[in-house]
2 protein chains.
Amino acid sequence: MNSLDMKIIKLLMQDARMKWSTLAKHIGLSAPATADRVNRLQEQGIIRRFETVLDPARLGYDLGAFVAVSLERPEHRDPFLQRIQELPHVLECHHVAGEDDYLLKIRCRNTEELDDIITNQIKSLHGISRTKTTIIMRTLKESTALPLLPED
Amino acid sequence: MNSLDMKIIKLLMQDARMKWSTLAKHIGLSAPATADRVNRLQEQGIIRRFETVLDPARLGYDLGAFVAVSLERPEHRDPFLQRIQELPHVLECHHVAGEDDYLLKIRCRNTEELDDIITNQIKSLHGISRTKTTIIMRTLKESTALPLLPED
DNA sequence: ACTGAAAGTCTTCCCCG
DNA sequence: CGGGGAAGACTTTCAGT
């Protein structure tokens, strides 16, 4: 990770489909050298994947919610986490400090679907002692872009 | 939005750098027709952007937190939201139902930086009556991919 | 809205420094 | 690790349906 890699990352963060030749011009390297560097960043796991960001509302995914989950005992953790990975409506799962154990972000079509997800897909798992649902009324900012600042 | 567009979206969601010719084979169209369709999806706003997903920890962004914010009075809302858009460490901002008004997701390098963000960048804004910070200890799943199911 | 062909561009491979 | 050239692949444009 040097300053050239940082430049590459910043540019690719904003446009994952940028052509190597364009990227090359920006960073002042030849196209093959640029492609090499990006491949290396991917192999190292610094670049995880290239994603297309869609408008949830335009696809009928109008409802979002955060669900805080409390787990009863540690032996329930692994099966819980495994199941969470499989649930497509659970976009994020964070282990958090504080009153609750896990915080999930969910996106779905409507309240009935949300009800089904929470009741049948999450609460039915073993060892869940409590859930606390917070409805998202409007999303004003949403990005995965890291706050890479000029000094980086 | 027909079933062909849904196929395109599903494939691009997983690999934003997929070549038009490859995509074309998957959906059974010619390359020019495929490129046309993707451009149309972008113009319609269904495709928002192509993003490169990085590993936060590998770039020194080891700390994450959710910050719940309560706003005192409605006239403080617009300046607050405007400022939030400008803060690079605030990755997400959702207006939520319930006890608090807004829920922010933050990523930063360490606790000192988090302290600075909450104290100097957020709490210093006018009209903030209360904040409640929840530290992320481990992120087990994180994606922007919508749960587009086979039936879509 | 899509196809097919042609023209132009970009990527990839390889060898050299 | 990076440059440059050549071969091949890909994208883009355009005419035609």
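Just so it is clear, the values below take in all heavy atoms, side chains as well, and ignore hydrogens, waters and symmetry mates. As the structure is a prediction and not an experimental result, all values here were calculated from the model. Proteins come first, then strands; the chains are lettered A, B, ... in the order of their sequence lines, and each starts at number 1.
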Taken to the nearest whole Å, NZ/A/Lys19 to P/D/dT11 is 7 Å
Please report the end-to-end axis angle for the helix from C/dA1-D/dT17 to C/dG17-D/dC1, five pairs per end, rounded to 10 degrees. 30°
Between atom CG of B/Leu125 and atom NE2 of B/His76, what is the distance when rounded to the nearest 0.5 Å? 10.0 Å
Whole Å only: how far is the CG atom of A/Asn2 from the P atom of D/dC1? 9 Å
Tell me which residues in residues 20-54 of chain B lie within less than 4.0 Å of DNA chain D, going by non-hydrogen atoms. B/Trp20, B/Ser21, B/Pro32
Tell me whether the NZ or CZ atom of B/Arg107 lies within the 45° cone about the ring axis of B/Tyr61 and under 6.0 Å from its centre. no
Salt bridge (charged side-chain N to carboxylate O under 4.0 Å, His left out) with B/Asp116: which residues, sequence neighbours excluded? none
Protein-nucleic acid N or O pairs under 3.5 Å, nucleotides 15-17 of chain D:
none

Is the ring centre of A/Phe66 less than 6.0 Å from the ring centre of B/His94? yes
Those residues that, when tested against B/Glu86, pass side chain to side chain donor-acceptor pair (under 3.5 Å) (two or more places apart): B/Arg83
dist B/His89:NE2 -> B/Ile84:CD1 (nearest 0.5 Å) comes out at 13.0 Å
Identify whether the distance between the nearest side-chain nitrogen and carboxylate oxygen of A/Arg77 and A/Asp101 falls below 4.0 Å. no
Could you tell me whether A/Asp5 and A/Arg40 make a salt bridge, using a distance below 4.0 angstrom between a side-chain N and a carboxylate O? no
Does a side-chain N-to-carboxylate-O contact under 4.0 Å join B/Glu142 and B/Lys105? yes
Contacts of B/Glu51 meeting salt bridge (charged side-chain N to carboxylate O under 4.0 Å, His left out) (sequence neighbours excluded), chain-then-number -> B/Arg49
